[in-house]
Amino acid sequence: MAKHIKNMDELAKALQPVMSGMVDELAERVYETLNYFLQEYYNSYDPKSYIRQFDFLRSAVKVEPKVVGNKVTASVYIDTDYMDNYYNATGLQVASWANKGLHGGLNTGDNTPHVWDDTMKTTIENGELLKLAIEHLKSKGFSVRN
């Protein structure tokens, strides 16, 4: 059924549910990809001198979409505050090392992913999220040209 839109406010209101669903889908893809690279990071090294706590592996967070003004936003991030039990390193330091492919600040081989950068390359830089956004809009009846 066609909807009659008389102004930009009505258009924004009509699009809000579609945009919320799309943003949630995109954030979920980033979250899944981040968790994949966190697991790959853990798989790339088997420590011999300590027992893992797995805090970094469980540090990914996805915040549900919310409407802010006329925008819909969501966040995906590594919760560095969650990682508060490391010896001689902060959670931020651990996450920074992981993004350089380092374990505990040490280079343990070249099969270690760069957790955050690889997540961004695999979702944003390669156009994956744009493709998902286009598919989502088309599935809701929007005509989208790319």
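Rounded to the nearest 0.5 Å, atoms CD (Glu32) and OG1 (Thr119) are 11.5 Å apart.
The two atoms that bring Pro65 and Ser20 nearest to each other are CG-O, 3.7 Å, heavy atoms only. Taking every heavy atom of both residues into account, Asp55 and Tyr86 meet most closely at CB-OH, 4.1 Å. Between Gln53 and Asn85, the closest heavy-atom pair is CG-ND2, 3.5 Å. Gly69 and Gln16 get closest at one heavy-atom pair: O-NE2, 4.5 Å.
Taking 4.5 Å as the limit, every side-chain heavy atom of Gln39 sits out of range of all side-chain heavy atoms of Asn35. You'll find the side chain of Thr33 stays beyond 4.5 Å of the side chain of Met120, heavy atoms only. In this structure, Lys100 and Asn107 have side chains that are not in contact, with every pair of non-hydrogen atoms separated by 4.5 Å or more.
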- Message: What verdict does the side chain to side chain contact (heavy atoms under 4.5 Å, CB included) test give for Arg58 and Leu38, after you've listed the backbone C-alpha separation in whole Å, the side-chain angles of each residue and the deciding distance to 0.1 Å?
- Response: CA-CA 8 Å; Arg58 295 186 286 268; Leu38 284 167; over 6 Å; no
- Task: Decide side chain to side chain contact (heavy atoms under 4.5 Å, CB included) for Leu137 and Val18; before the verdict, give the C-alpha distance in whole Å, the side-chain angles of both, and the deciding distance to 0.1 Å.
- Result: CA-CA 8 Å; Leu137 291 171; Val18 172; 3.8 Å; yes
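Under a 3.5 Å cut-off, the side chain of Asn126 and the backbone N or O of Thr122 do form a donor-acceptor pair. Within the 3.5 Å criterion, the main-chain N or O of Ala89 finds no donor-acceptor partner in the side chain of Gln93. A donor-acceptor pair under 3.5 Å is formed between the side chain of Tyr42 and the backbone N or O of Leu57.
Hydrophobic clustering (ILVMFWY, side-chain heavy atoms < 4.5 Å, transitive): Ile124 and Trp116 are in one cluster. Neither Leu106 nor Val94 shares a network with the other; the hydrophobic side chains, linked directly or stepwise wherever heavy atoms of I, L, V, M, F, W or Y lie under 4.5 Å apart, form separate groups for each. Connection of Val23 to Val63 is not established within any shared hydrophobic cluster, with ILVMFWY side chains joined at heavy-atom distances below 4.5 Å, either directly or through further cluster members. Hydrophobic clustering places Phe142 together with Leu26 (ILVMFWY residues linked when any side-chain heavy atoms are closer than 4.5 Å, directly or through intermediates). Hydrophobic clustering (ILVMFWY, side-chain heavy atoms < 4.5 Å, transitive): Val68 and Leu15 are in distinct clusters.
Judged as a salt bridge (Lys or Arg N to Asp or Glu O under 4.0 Å), the pairs with a partner in residues 117-136 (not counting sequence neighbours) are, in order, Arg29-Glu128. Note on residues 14-41: pairs passing ring-ring contact (aromatic ring centres under 6.0 Å, His included), not counting sequence neighbours, are Tyr41-Phe56, Tyr41-His103.
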Run the side-chain donor-acceptor check on residues 72-84: report pairs under 3.5 Å with partners two or more places apart or on a different chain.
| unit_1 | atom_1 | unit_2 | atom_2 | d |
| --- | --- | --- | --- | --- |
| Asp79 | OD1 | Asp81 | N | 3.1 |
| Asp79 | OD1 | Tyr82 | N | 3.3 |

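Residue-environment remark: CG (Asn7) exceeds the threshold of 12 foreign heavy atoms within 6.0 Å.
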